[in-house]
Amino acid sequence: FTYSATSLDFNGTGPFPLHDEDLHSASLHSFFIQDFGNSPWFGFAWTRAEMATDFQGIQNEDFTFDVAAGAFYRFSESFTLGFGVAVTNLNGDTRVFPGINFDWVPCEDFRIGVYGPNILGTWNLSESWYLSLDGQPGGGNWNIRDDAGNSRTIQLDSYWLSVNTHHRIAGDLWFRAGVVYTFGNEVEIRDNRGGGPTFSNEMDGAPLAQISLSLHKW
């Protein structure tokens, strides 16, 4: 389960009735991994059901459903290569993303991987401390009601590249702190009655910091 809150300020950006918008996203994820006996092949699948809204009248457009599936071949204990496809927004503006994935462990303390749009590199300094380089898409899509009561979609595209330090607090509980830079930032607002973008704007990159707590259990 994940939840995120996003605040966007549209004052002075266009002729439509939008100002400060508080956006919320809550989603349920499922992950599936299937081995095939002694075969080097294995399968992976992921599903997500998400509600993304400003909570000003919940409707069908506030809910989206995404799926992904892939097949992987383990060439050795240190290298795995795979391919897969993700399909997003099954009940709306559906988009399909094919991708190549790999996972490489060149030595005991290093790991490098590309998993669709996500990249990950880790360096283990001890059993309770490791560093990571992470790349992942940011932003999201939210259905809102503007000040005139019209249904609109806000789409924020971004890519986050971060350097993080991870520390074990106790048992399976970990603390993470990192610095991030976002780039490729673009915001688009569409009228849900159709007709193309109502507003689109590219934005400069920006730095930010993040902290988190997580449970690592396998």
Side-chain angles (χ1 to χ4, degrees), residues 1-6 25-35 40 42-48 50 66-86 88 97-141 156-186 203-218:
F1 172 79
T2 63
Y3 168 80
S4 65
T6 303
S25 171
S27 58
L28 290 172
H29 305 249
S30 297
F31 299 88
F32 308 90
I33 298 176
Q34 177 64 55
D35 287 325
F42 65 95
F44 169 84
W46 165 81
T47 65
R48 178 176 67 178
E50 180 182 34
D66 311 311
V67 297
F72 296 82
Y73 188 86
R74 187 179 292 111
F75 286 89
S76 68
E77 291 297 324
S78 62
F79 184 74
T80 299
L81 180 66
F83 60 90
V85 61
T88 64
F97 302 95
I100 298 295
N101 312 272
F102 76 84
D103 186 76
W104 181 37
V105 185
C107 64
E108 184 177 357
D109 294 325
F110 288 92
R111 186 181 213 106
I112 302 171
V114 174
Y115 317 99
N118 302 299
I119 61 174
L120 175 64
T122 61
W123 179 22
N124 295 324
L125 300 174
S126 72
E127 291 185 355
S128 299
W129 180 25
Y130 70 95
L131 305 177
S132 71
L133 173 68
D134 299 78
Q136 61 181 346
N141 290 269
L156 176 62
D157 292 324
S158 181
Y159 198 84
W160 293 28
L161 192 63
S162 65
V163 177
N164 305 279
T165 180
H166 306 251
H167 300 267
R168 187 195 308 270
I169 297 176
D172 298 319
L173 182 63
W174 288 74
F175 169 80
R176 180 181 71 171
V179 292
V180 187
Y181 192 81
T182 70
F183 56 94
N185 304 305
E186 183 178 7
M203 299 173 290
D204 294 334
L208 59 97
Q210 63 181 5
I211 59 173
S212 67
L213 291 173
S214 61
L215 283 170
H216 294 198
K217 189 72 173 179
W218 184 255

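Nothing fancy with the numbering, it's 1 onward along the sequence.
- Shown here for P40 and Y73, the closest heavy-atom pair between the two residues is CG-CE1, 3.2 Å.
- The ring-ring contact (aromatic ring centres under 6.0 Å, His included) test with H166 singles out one residue from F175, W129, Y130, and that residue is Y130.
- In W160, the CH2 atom is not crowded: 12 or fewer heavy atoms of neighbouring residues, nucleotides or ligands sit closer than 6.0 Å.
- The closest side-chain heavy-atom distance from L173 to L215 is below 4.5 Å.
- Between the CZ atom of F102 and the CD1 atom of I119 there is a distance of 9.5 Å, given to the nearest 0.5 Å.
- Remark: the backbone N or O of P117 is paired with a side-chain donor or acceptor of Y159 at under 3.5 angstrom.
- When all heavy atoms are compared, the tightest approach of V105 to F110 is CG1-O, 3.2 Å.
- Counting heavy atoms from C-beta on, the side chains of F42 and T80 come closer than 4.5 Å.
- Although no hydrogens or angles enter the test, the distance criterion places no donor-acceptor pair under 3.5 Å between the side chain of S132 and the main chain of D134.
- Side-chain atoms of N101 come within 3.5 Å of backbone atoms of G116 as a donor-acceptor pair (strictly under, hydrogens ignored).
- Side-chain contact between T2 and R48: absent, with no pair of heavy atoms (C-beta onward) separated by less than 4.5 Å.
- Atoms CZ and OG, from R111 and S78 in turn, are 10.0 Å apart once rounded to the nearest 0.5 Å.
- Contact check for D157 versus P137: no side-chain heavy atoms found under the 4.5 Å cut-off.
- You'll find the side chain of D66 reaches within 4.5 Å of the side chain of W46, heavy atoms only.
- Checked against the 6.0 Å centroid criterion, the rings of F1 and Y3 do not qualify as a close aromatic pair.
- Taking the six-membered ring where the residue is Trp, F31 and F44 present tilted rings, their angle falling between 30° and 60°.
- The closest side-chain donor-acceptor pair between S128 and S126, if any, does not fall under 3.5 angstrom.
- Counted within 6.0 Å of CD1 on I211, heavy atoms from surrounding residues, nucleotides or ligands total 12 or fewer; the atom is thus considered open.
- One finds the OG1 atom of T47 at 9.0 Å from the CG atom of L28 (value rounded to the nearest 0.5 Å).
- How far CG of N164 is from CG of L120: 9.5 Å, rounded to the nearest 0.5 Å.
- When all heavy atoms of S27 and H29 are compared, the pair lying nearest together is OG-NE2, 3.0 Å.
- Between M203 and L156, the closest side-chain pair of non-hydrogen atoms falls below 4.5 Å.
- Considering only residues two or more places apart in sequence or on other chains, N185 meets the side chain to side chain donor-acceptor pair (under 3.5 Å) condition with S158, T182.
- Side-chain contact of R176 with S212: a donor-acceptor pair under 3.5 Å is present, judged by distance alone.
- Around atom CZ of F97, more than 12 heavy atoms belonging to other residues, nucleotides or ligands sit under 6.0 Å away.
- In this structure, L81 CG and R74 CZ are separated by 12.5 Å, a value rounded to the nearest 0.5 Å.
- Proximity of L131 to L125: side-chain heavy atoms (C-beta onward) are separated by under 4.5 Å at one or more points.
- Counting heavy atoms from C-beta outward, T88 and N141 have side chains that stay 4.5 Å or more apart.
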